[in-house]
Amino acid sequence: MCSTCSIKRKSKVPGVMITQFMEKLPEGMSTPDFTRKPIALTIQEGKVAVFRAKVEGTPTPKVTWSRATGEIHFQPDVCIQKYCEASREHTIEFPKVSPEDADTYKCFATNEYGRAVCTVLLNVIEVGFSMTRELQKRQGEGEEEKPMDLVEKVWEILLSADKKDYERICAEYGITDFRGMLRKLTDMKKEREEEIAEFVSHISSLKHIEVMDEDCATIELDMDLKDPSSKIYLYKDGVMVPFGKEESETMKHCLKQVGKKYIFTIKNLASEDAGLYSVDVEGVNVFSTDFKVPEVDFAVKIREVKATEREDALFQCVLTAPMNDIKWYGKNAPLSNSDKYEILVSEDKLIHKLIVRDCLPLDAGIYAAVVGIKSCNAWLIVEATGDAAAGAKGTATGDAAAGAKGTATGDAAAGAKGTATGDAAAGAKGTATGDAAAGAKGTATGDAAAGAKGTATGDAAAGAKGTATGDAAAGAKGTATGDAAAGAKGTATGDAAAGAKGTATGDAAAGAKGTATGDAAAGAKGTATSEAAAGVKGTARDEGAAGVKGTARGKGATGVKGTARGEGAAGVKGTARGEGADGVKGTARDEGAARGEGAARGEGAAGAKGTATGEGAAGVKGTARDEGAATGEGAAGAKGAATGEGTVGSDGGEDLGEYSEEEQEDDSFEDSDGERVHFHAGLSDCKVIIGEAAQLECKLSSEECQGIWYKDGEEIKPSEVITISKEGSFHKLKIHKVTEEDAGKYKFEADGRKTEALIVVEDPPRFDDEELEAFKSPVTVKKGQKATFTLTYTGQEPIKIHWYLEGEELSDQSNIKLEHSEGYTLLLLTKLQRKDSGEVKIKLKNDFGTVEGFSQLFVLDKPTPPMGPVEIVEASSSVIAFKWRPPKDSGGCKIGNYILERQQVGRNTWKKVGPIGPEAKYRDTDVDHGRRYSYRIRVETEMGTSELMETEDIQAGTKAYPGLLSAPKVVSAFKDCINLSWSPPANTGGTNILGYNLEKHKKGSNLWGQVNPLEEMIRTTGFAVKEVVEGMEYEFRVCAINNSGAGEFSTPSEFVFARDPKKPPGKVLELKVMDSTYTTLALSWTKPREIEGVADEAKGYFVEIRPAENTEWDRCNANAITMTSYTVKGLKSMAMYWVRVIATNDGGEGEIQELDNYILAMPPPVRPRLTDAKIKSFVVVRAGNSARFNINFEASPWPDITWQKDGGPVSKKVTISNTEGTSQLLIPSAERSDTGIYTIIVKNIVGQETFSTEIRVTDEPKPPGPVEVDENVPGTVTISWTASPDEKRDDRLHYMVMKRDSSKRQWLTIGDHIFNNRFTACNIMPGREYQFRVYAKNDMGSSKPSESPKWMISSKKEKFTVNMPETKICDLQCPPRFIVPLKLHNAPQGYECYMSCAIMGDPMPHVTWLRNNLSLNTNTNYHITNTCGVCSLMILRVGPKDTGEYKVVAENSIGRAECSTKLTVTGKS
């Protein structure tokens, strides 16, 4: 590269750009750079502005300054450029900054090797009024401001935008290369993060600009500054915006800091607030947000809603332009669609609704709608009354209750004879308390009560004969206390009282014959002193008084025959100079004045015989020509139409003078021929600092007319300090040097016309210029000494005095002493240290202003040691040359010498080399070859000598070869040439690199061959190897050469073919999904086709995926894979992904092959299936214990799992836990009521599977009652007992009977599964003692036994005698009969059932069992026994088929007997 080329590079200091004039710099030389760059300033007009910069570079750079527009005029009273040798600071100072100095300045540091440049912004806050500046503004109104560069704006927006917004921003600004944008944006983000990291340790929670319902917008971010004193700046479209640190009414922009959270607020939003806002820290942008203001407003705003508890409430608004959505707020919280709130938008996007569902008292409050920068709000009142009473004698709470003779409480109750409390009650004969009560004969307390004969207390009561206390009471004959009372014959105290014959004290009282003191009193014959008084015959002196037969000086006066001097006077037959003047038959000269009968072109001109051009001109016969002349958004009362926002109560204009009633009615004042003189521009109030000049100026309609100046009623004569002049129609009064006595009211009178203004004299603190200039001189002291700073000052007391050192406020301490007396202050610093050096500032402040003075303190001390490490420049057999870095702190003095000592390693003595001068380098020629030397270095200044720095051992003459290089890189390859490049070695061996040797190796060979001739080394870090064979594969290695010789060869490069570059491959074929799980995805494809000259063979493949919600593709494999299949891992379950595959080879990447549809991360569909081999269908749980039931299944996709109990939902106490492949039902602390059949339903898109199990919750039964024993048949006994208390609660409870006789003493079970309370025991032997036990049993176990009393059949033993009785034939035959009949049975399904009866008969009867008249004797499903007449039938497992009538038939030769019973089967298995 030639020396005339330039290289752009960034400085280590953010915001500095360096241009290097040559590729390689000579040894020891460097390009300029800033060690401290100037900081942007926002300063008040008249103050001292100073930019400071520090630069470095070898040779020393030259510093120059320039500005973006025009040239810098270096004059002592305009701009001074300085350089301080002690602090090495370059400064440019503006002693008395003016608005013309506001600009973007550049600082250049230049030497022969390069140039460094940085920019800095100077903003000037204007103070007071200047006719020259005003004329310059008007001349510049036609000039367009240069907009922020669009490309720069787009990148600033993208750097702070969310990824999901990239596509929208690109589409909006026409960016088509989306991938290129992402690459560039990634690089820019890395650079931005490195810049931010120097000042900010952490930044998060970035919230883009958001409009709130308080007519303000906020920007929020969490930021942890490394230095809490770092300066923070706010820019709009690249222009710095001044802001306050605390909320104030005067500042439009303010910053609030809460901990690490920073909140910027923009108040009083307007369309011009749209733009790109950026937040900078020390000149580095940390966040940008684009604020757009749509051209939309509310055509119909939301209104107050009253709803009954548990009803729905509806808020509705209508926009002037379609919007997809708007923001809704409820009690300062943003709202969105949910179960509680529903947001609806009409098809034309104009009507927007908010529905509050199921209103509760907690929902009451203020709700707001926000669109763009416009907002409106209304109350939601939740009541417990009716919905919308109307037309009845009761109460109506709806929005339009009307026509009732009773009481209307709705928002628009009207026509009722009772009381209207709604928002617009009107026409009622009773009392109206709503917002717009009107026409009622009673009392109106609403917001706009009007026309009522009673009292109106609403916001706009009007036309009532009673009292109006509302905000806009008007036309009432009583008293109006509302905001806009008008037309009443009583007293109007509201904000806009108008037309009343009494007194109007409201904000806009108008039309009253009394006195209007409100903000916009108008039309009254009294006095209007408020902001927009209009139409009164008195005097209006506040911000906008107008329409009076006197003087109006406020901000928007309208509709009078007098004079309007405020910012918006209008509607007079004279002159209007205010911001919004309208309707005058004269001339208007200021921002919004209106004049003449000509054309008016404003936004809302109305009601004039001409046309209004301002934003709100109205009610005049003339022309409105400036920024705000008008009937704005609702002025009325002129002979034309008024559609704006205020009220104008005159058919003519308004003037700026004070006239009698007769003069006002004089028709000659309306003449436009100049017969009577009038003012084109009146006097304006003036604030001036004591000692400076003050000037008052007005303009008449005639150049010939002379006038007289008055002060506090006394005529003013010219003098040495006062000049009175006349230039054409302009009349001027100038006070050259204002004193306190000059404050007061000044009046100019000409031809009966008068105009007045006030001169307010301020006395801020001031320094004497000579003393201040002396104070600015730097103070230099030695360490341990003291420094004194003194200044005298003048200004009105009390004055607060603050001293600062390097920005930190000073207070009395052991080494700091502050003294203050009248007009004098002193700062004494003792025992100073080097660290105390810095800027000394004094700040004086009183009620009229602030002044500051600056000086510098330099504390001198011994220097610190030189800094290492030592850099060896040369270490040969005869010379050792090395250099080091200067000390970190020279102690504030210039370095005089470096003192060196040398020691030969192995010896104990140090040889003094001597002072060598101020340069940090040394060349030692007195060395022996092979010896090692060590050096000590000290710094010498006028303050003394520093501590030493000792070097490491340096050897003279030892050969040091270069270190290893990295492997050469193949730049390009062709069939006859291969281009290589490499990087120089990190270790040069202590000397310069002379060149390189390059070798090549053919694949398959064992030999390395030299590429360059041995006698001709390669001088550059690249080489073109031309001696290659086409089609062969080569690798290369390189070594570096210095004065000692050649070093070791590097590792070989990659093998490369000697052939022309390949073509990229084509698309892969047959891309498909082979398998998938919730976290993986298996792909396969076929390699692309080879097309000669178009697409070559693929060497590898890359797989990329993109989540459906993202715009960026992620590469799954960092290195290309050679196989035609791949498994993507780490997916999110059930997430949607797009997949594509790219083939690649040496020619680059081929075309992209993408799957046609997105892929869900889930396994292939599988119908639900239960995987447990055996699942219990019946589970018994003890009451009080937990019941747990697990079901394992497999299904894909993930199924919906539902548990039911007895066909319905499970109770709330039941816990269901679902994991992958398992579902668990848990009943904690089970109760008997939890017994039932539980069913699980596993269902997905493929199918479903169900399973049911019975869970029975029970406990050990309580024992049965007392047991009784009775003998009915010899040899048998019947045991009976009282049922267990649990028998009714447990249908599976049964009994077990055990017996014990005296012969065995063991308990034997004689009966089980007994479902009644009786049992017959057989084989009872006489003479033995028996005892029986009865147990109650269920699924949990058995109860404690209930025992019978001991029972025995006694047998008497007598002496054995044989009596042979006479043989007598006895006939014992008898027909069968039932001793114990069958009983009814009710048995649970699946359990045993036992039936028994006892039969007598001789001969022994034959017994047959029948069910439903069918014999059971041969049925093996029934167990039938007949023991000694006791017949029994046992059914082992009762089922539904066993239900029916059972009959026992006993037959013998004598007769027949029958007995029947019924069996009922209950429950299901």
Side-chain angles (χ1 to χ4, degrees), residues 128-139 141 540-541 543-546 551-558 560 562-596 598 613-614 617 620 622-629 653-659 669 672 674 676-686 694-710 724-734 745-759:
F129 174 81
S130 169
M131 178 59 70
T132 304
R133 186 163 62 245
E134 197 66 28
L135 292 173
Q136 288 177 351
K137 281 186 178 179
R138 295 185 181 183
Q139 292 173 359
E141 283 177 357
R541 298 205 39 205
E543 292 185 82
T551 303
R553 299 182 52 207
K555 268 190 182 174
T558 58
V560 295
T563 303
R565 295 192 45 233
E567 291 182 23
V572 298
K573 291 184 179 180
T575 305
R577 288 190 60 223
E579 280 187 3
D582 56 48
V584 293
K585 195 174 181 181
T587 305
R589 292 191 56 244
D590 256 356
E591 292 182 39
R595 59 175 271 216
T613 60
V620 296
T623 304
R625 279 187 17 194
D626 233 301
E627 206 178 308
E654 68 181 13
D655 205 349
L656 297 173
E658 296 178 353
Y659 306 97
F669 184 63
S672 62
R676 296 290 302 274
V677 174
H678 55 269
F679 286 97
H680 280 180
L683 298 178
S684 297
D685 290 344
C686 177
Q695 179 172 295
L696 297 176
E697 181 183 57
C698 63
K699 182 180 180 183
L700 294 174
S701 60
S702 172
E703 296 186 3
E704 291 76 17
C705 185
Q706 299 294 328
I708 302 175
W709 291 88
Y710 297 89
I724 297 176
S725 62
K726 176 179 177 297
E727 299 177 5
S729 59
F730 287 92
H731 292 259
K732 300 180 182 179
L733 170 68
K734 184 174 182 180
K745 182 188 292 185
Y746 289 76
K747 179 174 68 176
F748 179 78
E749 184 174 346
D751 197 18
R753 302 290 182 261
K754 293 179 285 186
T755 177
E756 293 181 348
L758 293 174
I759 290 183

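Just so it is clear, the values below take in all heavy atoms, side chains as well, and ignore hydrogens, waters and symmetry mates.
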| task | Could you go through the salt bridge (charged side-chain N to carboxylate O under 4.0 Å, His left out) check for E697 and K732 one step at a time? | result | CA-CA 4 Å; E697 181 183 57; K732 300 180 182 179; 3.6 Å; yes
| message | Checking the side chain of D685 only, and the main-chain atoms of A757 only, is there a donor and an acceptor separated by less than 3.5 Å? | response | no
Heavy-atom pair of closest approach, residues [X] and [Y]:
X	Y	value
H678	R753	CA-CG, 4.4 Å
L696	S684	CD2-O, 3.6 Å
K699	F730	CD-CZ, 3.7 Å
C698	F748	SG-CD2, 3.6 Å

Interatomic spacing from [atom1] in [X] to [atom2] in [Y] - rounded to 0.5 Å:
X	Y	atom1	atom2	result
S725	H731	OG	NE2	9.5 Å
S702	H680	OG	NE2	9.5 Å
Y710	Y746	OH	OH	15.0 Å

| request: Evaluate the side-chain contact (heavy atoms from CB on, under 4.5 Å) criterion for residues T755 and K747: first the C-alpha distance (whole Å), next the side-chain angles of each, then the deciding distance (0.1 Å), finally the verdict. | output: CA-CA 6 Å; T755 177; K747 179 174 68 176; over 6 Å; no
